[in-house]
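To keep things clear, I will list the structure first and then write my remarks on it.
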Amino acid sequence: MRTGNISLVKKMNKQLVLKLIRDQHPISRADIAKTTGLNKATVSALVDELIAEHFVHESGIGESTGGRRPLMLRFNADAGSLVGVELGVNYLYAVLTNLNADILWEQRRSFRPSEGQEAIIGEMMELIEAAIRRAPATPYGVMGIGIGVPGVVHTESGTVVFAPNLRWDDVALAAVLQKQWPERPVIVENEAKLAALGEKWFGAGNEFAHFVYISAGIGIGAGVVLHHQLYRGVSGLAGEIGHHTIDVNGIRCSCGNIGCWEMYASEKYIERRLSEEGRSEWLDDRFSIAAMALAAESDEQLARILEEAGRYLGVGLLQVIYAYNPEAVIIGGPLAQAGEYVIGPARQEVRKRILVKKESEPLIIASKLKEKSCAIGAAASVLETVVLPPEYAAV
């Protein structure tokens with residue numbers, strides 16, 4: 001049982017009970033008391049409050065373990081709605097979800113970075129408004145808006161500090177959106193960090209306390225989860241691993257440095273190699289890693305290019321593994337669509353080069369949420385901020 005300031009203790013215990021119901025429903029009051037160590041009267045009072053607040057509902061009678069059959073409790077995923085948006089380098093993807101991240105509505109739009117910051121933000125606002133209009137009637141309505149951005153973000157202010165692939169610097173994105181929707185919290189965060197959050201809550205990271213999510217597309221970013229919580233670092237730079245150098249004599253990156261990892265384990269590398277190999281038929285607007293992987297089943301040249309990107313991915317992953325020693329590395333983004341053509345060589349490269357075998361080798365697996373991980377993570381950031389703050393909900 002938690003002790004200390006009475007008001008804070010109650011809030012923490014209430015979040016503890018709510019998280020347990022969400023994670024283990026259907027569950028009885030008696031089982032909550034047994035699991036948390038809280039006395040039955042406290043649990044009953046907290047559950048009654050959560051029912052009154054619409055976050056929990058009773059869902060029928062459970063099995064008897066010797067006494068009266070218990071009333072079972074469930075998390076009410078329909079208490080409110082969440083809006084999540086991924087701002088990609090050349091697209092916007094928005095979802096409206098319930099509190100279990102079940103998608104109620106979604107839409108994707110393409111754009112060109114040359115359209116400019118103002119036009120892109122305008123399109124984003126149109127998508128958010130469309131999502132809000134489609135939200136069902138619920139006790140809390142739309143509870144907030146989460147946005148994932150491919151760049152460095154100052155989380156507290158929601159400012160995009162530096163997004164080289166978008167050519168954005170010091171864009172106060174959260175402030176702009178908050179003016180439009182002042183009654184709703186707006187959270188702006190790096191896209192890979194939000195994708196990690198999505199995998200933690202609803203995807204492949206659910207079973208791990210320590211994992212790293214790698215977003216590999218036009219660029220590379222990472223979201224780091226340690227002790228079940230997203231790690232941001234002192235100024236939000238944790239996870240900006242796409243810009244560590246793997247070739248001091250290499251290619252110049254859009255960030256200005258030479259030989260960055262994301263120039264070798266990304267769509268940029270694959271497109272460059274396709275051009276060098278005379279496969280320009282793959283370089284039009286219909287290019288996709290998924291289609292390329294399908295064709296690679298009968299095309300050794302395409303298979304070899306994907307394998308090269310996978311090996312470079314593995315070389316960079318070693319630095320991630322040495323830095324964080326995670327239980328798992330989850331590969332997401334467009335490169336993950338190539339499946340074992342990329343992930344297999346990456347896994348082999350790590351196994352071949354890692355200092356200590358077996359004990360320090362993490363699982364290297366594909367994202368479960370796939371292309372939806374960032375948008376769902378953006379929605380989850382609202383859930384985590386408004387409903388289940390991690391500092392209160394940790395068991």
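Everything quoted here is computed from the prediction, not taken from an experiment. Both backbone and side-chain heavy atoms feed into the values below; hydrogens, waters and symmetry mates do not.
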Mutual orientation of the aromatic rings belonging to Tyr140 and Phe55 [parallel < 30°, tilted 30-60°, perpendicular > 60°]: parallel
Side chain to side chain donor-acceptor pair (under 3.5 Å) partners of Arg108, counting only residues at least two apart: none
4.5 Å side-chain heavy-atom contact, Ile365 and Phe208: yes
Residues that, via side-chain heavy atoms closer than 4.5 angstrom, fall in one hydrophobic cluster with Val89: Ile218
Partner residues of Asp299 under the salt bridge (charged side-chain N to carboxylate O under 4.0 Å, His left out) criterion, sequence neighbours left out: Arg279
pair Leu177-Met125: side-chain heavy atoms closer than 4.5 Å: yes
Listed once per pair and sorted, the side-chain hydrogen bond (donor to acceptor under 3.5 Å, both in side chains) pairs that draw on residues 248-260, sequence neighbours left out: Asn165-Ser254
Pairwise side-chain contact, Ile147 with Ser381, heavy-atom cut-off 4.5 Å (strictly under): no
Note, Thr97 side chain near Asp102 side chain (heavy atom, < 4.5 Å): no
Donor-acceptor contact present, side-chain Asn206 to main-chain Lys200, <3.5 Å: yes
CA sep, side-chain torsions, deciding dist, call: Glu240, Val152, side chain to side chain contact (heavy atoms under 4.5 Å, CB included): CA-CA 8 Å; Glu240 287 300 321; Val152 180; 3.8 Å; yes
Qualifying side-chain hydrogen bond (donor to acceptor under 3.5 Å, both in side chains) pairs with a residue from residues 172-186, counting only residues at least two apart or across chains: Glu129-Trp181
Pairing residues for Tyr231 by the side chain to side chain donor-acceptor pair (under 3.5 Å) criterion, not counting sequence neighbours: none
4.5 Å side-chain heavy-atom contact, Leu87 and Leu166: yes
Close side-chain approach of Leu46 and Ile32, heavy atoms under 4.5 Å: no
Nearest-0.5 Å distance that lies between atom CD1 in Ile270 and atom CH2 in Trp282: 11.5 Å
Residue Phe75 excluded, over 12 heavy atoms near CZ under 6.0 Å: yes
Salt bridge (charged side-chain N to carboxylate O under 4.0 Å, His left out) assessment of Lys352 paired with Glu349: CA-CA 5 Å; Lys352 179 175 72 177; Glu349 204 67 29; 3.4 Å; yes
Whichever hydrophobic residues join Val248 through chains of side-chain contacts under 4.5 Å: none
Those residues that, when tested against Gln348, pass side chain to side chain donor-acceptor pair (under 3.5 Å) (two or more places apart): none
Sub-4.5 Å side-chain heavy-atom contact between Leu99 and Arg22: no
Donor + acceptor pair across side chains of Gln319, Trp261 (<3.5 Å): no
Pair listing, salt bridge (Lys or Arg N to Asp or Glu O under 4.0 Å) test, anchored in residues 364-376, at least two apart: Glu106-Lys372
Test log, rule side chain to side chain contact (heavy atoms under 4.5 Å, CB included), inputs Arg29 and Glu58: CA-CA 11 Å; Arg29 289 169 172 81; Glu58 293 175 330; 3.0 Å; yes
Salt bridge (Lys or Arg N to Asp or Glu O under 4.0 Å): pairs with one or both residues in residues 317-346, sequence neighbours excluded: Glu340-Arg347
Partners passing salt bridge (charged side-chain N to carboxylate O under 4.0 Å, His left out) against Glu276 (at least two apart in sequence or in another chain): Arg273
Pair His25-Leu73, side chain to side chain contact (heavy atoms under 4.5 Å, CB included): steps then yes or no: CA-CA 6 Å; His25 67 190; Leu73 305 166; over 6 Å; no
Set of side chain to side chain donor-acceptor pair (under 3.5 Å) partners for Ser367, sequence neighbours left out: Glu199
Pair Ser288, Gln337: side-chain N/O donor-acceptor within cut-off below 3.5 Å: no
Asn98 side, atom CG; Leu82 side, atom CG - distance, nearest 0.5 Å: 7.5 Å
Val186 with Leu194, same ILVMFWY side-chain cluster at under 4.5 Å: no
pair Arg134-Leu104: side-chain heavy atoms closer than 4.5 Å: no
Side chain to side chain contact (heavy atoms under 4.5 Å, CB included) evaluation trace for Trp201 with Leu388: CA-CA 11 Å; Trp201 278 90; Leu388 285 164; 3.6 Å; yes
Ring-face cation contact, Tyr264 with Arg311, 6.0 Å cut, 45° max: no
Distance, nearest 0.5 Å, that separates CD of Glu191 from OH of Tyr93: 14.5 Å
Cluster link Val188 to Met143, ILVMFWY, side chain under 4.5 Å: no
